[in-house]
Amino acid sequence: MFQSDAALDLAAFNRLFGEYQQRFIRFAVSYIADPVVAEDIVMESFVAAWGRRDMLSVGSFPPYALTIIKNKCLNHLRAQDVRTRAAENIHSHGARMLRTRIATLQACDPEELFSEEARRLVDRTLDALPERTREIFVRSRFRGQSYKEIAAEMGTTVKSVEFEVSKAMKLLRVALKDYLAFFIFWFYIN
């Protein structure tokens, strides 16, 4: 056996290493639960203790090495705890963002979005029309007047009314080209 107050030389260190290595690894594994990490911690601890050999004796080496192992295990577990909490926070944040996106998408009414945008485009297009063309189109499409009624009230021909409505419709088709597929789909399902 060893003399506990004997100086720690390389031969004594090697004997202590052989005697305590597996015990210390089992100790570290009981907390770390990863044998590879536990073995690394024990090896690093032995190296650190060897670096302080001038202060240690054969008897003081095992408790000193075990103290280093304990502290390295604590550091590892604290770092693991920080990573776990950070991952949980990220997951929690991601879950909140997902719930927000789901709620926003559920509240989204495509009909309302498209109809509002389409109405703005129609208004802009009608505002850009010449006064006479706009008046004829509004009477025909929004007031439900026939071409004959419009022609009589405005003192023009039915052909002229047809031409003005056709001109307005062409401009509206261009302005609403991105919404035509939606309107076709919407009218088909309704």
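Along the sequence shown, residues carry numbers from 1.
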Could you check Glu162 against Lys159 for salt bridge (Lys or Arg N to Asp or Glu O under 4.0 Å), going step by step and ending with a plain yes or no? CA-CA 5 Å; Glu162 286 175 1; Lys159 283 286 185 191; 3.8 Å; yes

Would you say Phe163 and Met154 are hydrophobically clustered, going by side-chain heavy atoms of ILVMFWY under 4.5 Å? no

For atom CZ of Phe27, is the number of surrounding heavy atoms from other residues, nucleotides or ligands below 6.0 Å larger than 12? yes

Output yes when a side-chain donor or acceptor of Ser60 lies under 3.5 Å from a complementary backbone atom of Ser57, and no otherwise. yes

How long is the gap from CD1 on Ile136 to OG on Ser166, to the nearest 0.5 Å? 12.0 Å

Do Thr156 and Arg132 have side chains that get closer than 4.5 Å, going by heavy atoms? yes

Parallel, tilted or perpendicular: which one describes the rings of Phe46 and Phe13, with boundaries at 30° and 60°? perpendicular

Do Arg134 and Phe137 meet the cation-pi criteria used here (NZ or CZ under 6.0 Å from the six-membered ring centre, within 45° of the axis)? no

Side-chain donor-acceptor pair under 3.5 Å between Ser30 and Arg26, yes or no? no

Just verifying a value: how many Å separate His76 NE2 and Asp34 CG, rounded to the nearest 0.5 Å? 6.5 Å

Looking at every heavy atom in both Val58 and Leu16, which two are closest together, and how far apart are they? O-CD1, 3.9 Å

Which atom pair, heavy atoms only, marks the closest approach of Phe24 to Ala65? CE1-CB, 3.9 Å

Separation between CZ (Phe17) and CE (Met43), nearest 0.5 Å, reads 3.5 Å

Given Gln80 and Arg83, is the side chain to side chain contact (heavy atoms under 4.5 Å, CB included) satisfied, shown in steps? CA-CA 5 Å; Gln80 193 173 27; Arg83 285 190 302 273; 3.7 Å; yes

Locate the shortest heavy-atom distance separating Leu129 from Ala168; write the atom from each residue and the value. CD1-CB, 3.8 Å

Given salt bridge (Lys or Arg N to Asp or Glu O under 4.0 Å), test Arg85 with Glu88 step by step and report yes or no. CA-CA 5 Å; Arg85 279 190 278 137; Glu88 287 170 355; over 6 Å; no

When you group the ILVMFWY residues by side-chain heavy-atom contacts below 4.5 Å and let the links chain together, are Leu77 and Leu66 in the same group? yes

Checking Asp40, Val37, Ile69 against Ile32 for side-chain contact (heavy atoms from CB on, under 4.5 Å), the one that qualifies is Val37

Rounded distance (nearest 0.5 Å) linking atom CG of Leu10 with atom CH2 of Trp50: 5.0 Å

Determine whether a donor-acceptor pair (N or O, by modelled atom type, separation under 3.5 Å) exists between the side chain of Arg78 and the backbone of Asn75. no

Which atoms form the tightest heavy-atom contact between Gln145 and Glu149, and what is the distance? CA-OE1, 3.2 Å

Correct closest heavy-atom pair for Arg52 and Tyr64 would be CG-OH, 3.4 Å

Pair Ser140-Met169, side chain to side chain contact (heavy atoms under 4.5 Å, CB included): steps then yes or no: CA-CA 11 Å; Ser140 169; Met169 290 298 290; over 6 Å; no

Measuring from Ser92:OG to Arg96:CZ, what's the distance to the nearest 0.5 Å? 4.0 Å

Does the Asn71 side chain pair with the main chain of Thr67, one donor and one acceptor, at a distance under 3.5 Å? yes

Rounded to the nearest 0.5 Å, the NZ atom of Lys72 sits from the CD1 atom of Ile41 at a distance of 7.5 Å

My understanding is that only one of Arg139, Glu135, Lys148 makes a side-chain contact (heavy atoms from CB on, under 4.5 Å) with Glu153; could you say which? Arg139

Let me check something: do Leu171 and Phe142 share a hydrophobic cluster, defined by ILVMFWY side-chain heavy atoms less than 4.5 Å apart, either directly or through other members? yes

What heavy-atom pair brings Leu56 and Ala49 nearest, and what distance separates the two atoms? CD1-O, 3.6 Å

Val165 vs Arg141, test: side chain to side chain contact (heavy atoms under 4.5 Å, CB included). Steps then yes/no. CA-CA 9 Å; Val165 169; Arg141 295 301 191 242; 3.6 Å; yes

